[in-house]
Amino acid sequence: MNLVLLSLLFAALTIAAYLFLNTLYLKYRWTLLTPVLTTTAALIVILLLFDIPYERYMLGGQWIGALLGPAVVALAVPLYKQRKLLAQNLAPIMLGVSAGALVGMLSGALLAKVMGFSAEMILTILPKSITTPVAMQLADSLGGIPSLAAVFVMAAGFTGILTGPWLLKTLRIDSAIGRGIGLGTSAHGLGTAKAFEYGVEDASMSSVAMTLSAVVGSFVGPAIVWLLFM
Amino acid sequence: MKFLITFTQLIVLYGFYVAGEWLRDFFNLPLPGSIVGFLLLFIALLLKIYPLRWIESGAQFLLAFLSLYFIPATVGVMQYGDLFTGKGLWLIAIAMFSTLMTMGVSAVLSQWASRRRTDERSL
């Protein structure tokens, strides 16, 4: 009885903290206020303060986490709505996204392997360029640690939006397709938000690239794992 | 009424997800079940087997709070606090470097391929 109440409390706390901090983000639009970062930090502080173990928090947290799978399925809807943009630019989009997903996974995993990190860590860093919900599920299915995978996803996202404009300029990328695919393939949702600053077309390209690289990455990831650990 | 429609569509989305998980287990696929479910829905929409308006508002509602659903998992980072004090910091550096490579390759190739195509058309 007490356990059910406690679980409900943790679920409600998570939703309340998220809604509040999301409103704060929407008001100021400051990247560091990204709700994932602020809500995660706030909840960790609360759990540490009241000496609540993570496992106990997850009794309620898992109810919210259960929505992750259906939410990934729902990503098919925005992609379907942009099917015309995708069909018109199929070759350049698929080429950029596939090569990017391959280079992103291979370079991260290889560097981690060369530096002597454990197999578990290599599998955790592997999906870092992919949007968080899919990256966590991919890390989980490959044998990595989902919550740490999310940390690397955030590191990739922030690197992308902070250095992206400089890199794109240096490489003389001056088209909506180049900027959008670059930002979406490497920096997922955060990159897509950045792409909005360049224009609506950049953002559409970026969101298409974000979803497609998650799909391509889900196929490429297991292949790379097989290559690295066979 | 609007709420009821959205709620029904959420159940349909959950159904696609469960179907994806089931297919993954049945065929022992290396993909996450949610991606299998995503592909099922995308194909069903493309082939007009399942109309967009029967899923649109449910999907929009679910995606509006997308980052909420992974917060319980990201809170799990508290169990690995000591990882990022020593050698583990290198993993962040690797992630950053690899992100730049990813962006460079995908941006250059997609722009090159789209320019090449436009050139061919204008010849």
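Labels below follow one simple rule: chain letters A, B, ... track the order of the sequence lines, proteins then strands, and each chain is numbered from 1.
- With contacts defined as side-chain heavy-atom distances shorter than 4.5 Å, the pair A/Y80/B/L41 does not qualify.
- Looking only at distances, no side-chain donor or acceptor of A/R179 sits under 3.5 Å from a matching main-chain atom of A/A195.
- Side-chain atoms of B/S98 and A/S107 form a donor-acceptor pair, as typed in the model, at a separation below 3.5 Å.
- Looking at A/I125, the atoms closer than 4.5 Å to chain B (heavy atoms on both sides) all sit in the side chain, from C-beta outward.
- In this structure, the side chain of A/S175 engages the main chain of A/G178 through a donor-acceptor pair within 3.5 Å.
- When atom types are taken as modelled, the side chain of B/Q9 and the backbone of B/W54 share a donor-acceptor pair closer than 3.5 angstrom.
- Side-chain contact between A/S218 and A/V134: present, with at least one pair of heavy atoms (C-beta onward) separated by less than 4.5 Å.
- Checking side-chain atoms of A/S98 against main-chain N and O of A/L95 turns up no donor-acceptor pair under 3.5 Å.
- Note that CZ of B/R24 is 9.0 Å distant from OG of B/S34, once rounded to the nearest 0.5 Å.
- Residues of residues 205-214 of chain A lying under 4.5 angstrom from chain B, judged on non-hydrogen atoms, are A/T211, A/A214 by number.
- One finds the CG atom of B/L10 at 8.5 Å from the CD1 atom of B/I55 (value rounded to the nearest 0.5 Å).
- Interface residue A/D174: backbone and side-chain heavy atoms are both found under 4.5 Å from chain B.
- Within the model, atoms CG of B/L39 and CG of B/L23 stand 10.5 Å from one another, a figure rounded to the nearest 0.5 Å.
- Heavy-atom pairs under 4.5 Å with chain A were tallied for B/L45, B/V108, B/V105; the largest tally goes to B/L45.
- For the atom pair CZ (B/F7) and CD1 (B/I11), the distance works out to 4.5 Å, reported to the nearest 0.5 Å.
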For A/L111 and B/F97, what are the C-alpha separation, side-chain angles and deciding distance, and is it a side chain to side chain contact (heavy atoms under 4.5 Å, CB included)? CA-CA 10 Å; A/L111 280 169; B/F97 174 73; 3.6 Å; yes
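- Two residues are said to be in side-chain contact when any heavy atoms from C-beta on lie closer than 4.5 Å; A/P165 and A/Y198 meet this criterion.
- When atom types are taken as modelled, the side chain of A/S118 and the backbone of A/M121 share a donor-acceptor pair closer than 3.5 angstrom.
- For A/L167, the part sitting under 4.5 Å from any heavy atom of chain B is the side chain, from C-beta outward, and nothing else.
- With a 4.5 Å cut-off on side-chain heavy atoms, A/D140 and A/M136 do not count as touching.
- Between chain B and the residues A/G184, A/A71, A/P53, the most heavy-atom pairs under 4.5 angstrom are made by A/A71.
- Contact annotation: the side chain of B/L52 approaches that of A/K81 to within less than 4.5 Å [non-hydrogen atoms, C-beta and beyond].
- Heavy-atom distances place the side chain of A/I145, and not its backbone, under 4.5 Å from chain B.
- You'll find the side chain of A/V36 stays beyond 4.5 Å of the side chain of A/T132, heavy atoms only.
- When heavy atoms are compared at a cutoff of 4.5 Å, A/L110 does not approach chain B at all.
- The stretch residues 58-70 of chain B places B/A59, B/Q60, B/L62, B/L63, B/A64, B/F65, B/L66, B/S67, B/L68, B/Y69, B/F70 near chain A, each with some heavy atom under 4.5 Å from a heavy atom of that chain.
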Side chain to side chain contact (heavy atoms under 4.5 Å, CB included), that's the test. Do A/F10 and A/I52 meet it? Break it down for me. CA-CA 11 Å; A/F10 288 140; A/I52 301 162; 3.7 Å; yes
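- Per-residue counts of heavy-atom pairs under 4.5 Å with chain B were compared for A/V73, A/L162, A/T159; the largest is that of A/V73.
- Between chain A and the residues B/M96, B/E21, B/Q111, the largest count of heavy-atom pairs under 4.5 Å involves B/Q111.
- Between chain B and the options A/V215, A/T185, A/N22, A/T163, the largest number of non-hydrogen pairs under 4.5 Å is found for A/T185.
- Of the two parts of A/A176, neither the backbone nor the side chain holds a non-hydrogen atom closer than 4.5 Å to a non-hydrogen atom of chain B.
- With a 4.5 Å cut-off on non-hydrogen atoms, B/L29 does not touch chain A at all.
- Heavy atoms closer than 4.5 Å to chain B are found nowhere in A/F158, neither backbone nor side chain.
- For the options A/T14, A/L19, A/L148, heavy-atom pairs under 4.5 Å to chain B are most numerous at A/L148.
- Both the backbone and the side chain of A/M115 come within contact range of chain B, judged by heavy atoms closer than 4.5 Å.
- Most heavy-atom pairs under 4.5 Å with chain B: of the set A/G100, A/A74, A/P70, A/G108, this distinction falls to A/P70.
- Using a 4.5 Å cut-off between heavy atoms, B/L83 contacts chain A through its side chain alone, with no backbone atom that close.
- Heavy atoms closer than 4.5 Å to chain B are found in the side chain of A/S129, but not in its backbone.
- Counting heavy-atom pairs closer than 4.5 Å to chain B, the top residue among A/P222, A/A155, A/P133, A/A99 is A/P133.
- With chain A as the partner, the residue from B/A113, B/G76, B/G88 showing the most heavy-atom pairs under 4.5 Å is B/G76.
- Proximity to chain A (any heavy atom under 4.5 Å) is shown, for B/Y14, by both the backbone and the side chain.
- Taking CG of A/L171 as the start and CE of B/M103 as the end, the distance is 9.5 Å to the nearest 0.5 Å.
- With contacts defined as side-chain heavy-atom distances shorter than 4.5 Å, the pair B/L13/B/Y17 does not qualify.
- Looking at A/P78, the atoms closer than 4.5 Å to chain B (heavy atoms on both sides) all sit in the side chain, from C-beta outward.
- Each of B/V75, B/V77, B/L40 has some count of heavy-atom pairs under 4.5 Å with chain A, and the biggest count is that of B/V75.
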Where do A/L138 and A/L142 land on the side chain to side chain contact (heavy atoms under 4.5 Å, CB included) test, with the steps shown first? CA-CA 6 Å; A/L138 192 56; A/L142 294 176; 4.0 Å; yes
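- Side-chain atoms of B/M78 and A/L43, non-hydrogen and from C-beta on, never get closer than 4.5 Å to each other.
- Interface summary for chain A: among B/L109, B/L91, B/I71, the most heavy-atom pairs under 4.5 angstrom belong to B/L91.
- Neither the backbone nor the side chain of A/A187 comes within contact range of chain B; no heavy atom of the residue lies under 4.5 Å from a heavy atom of that chain.
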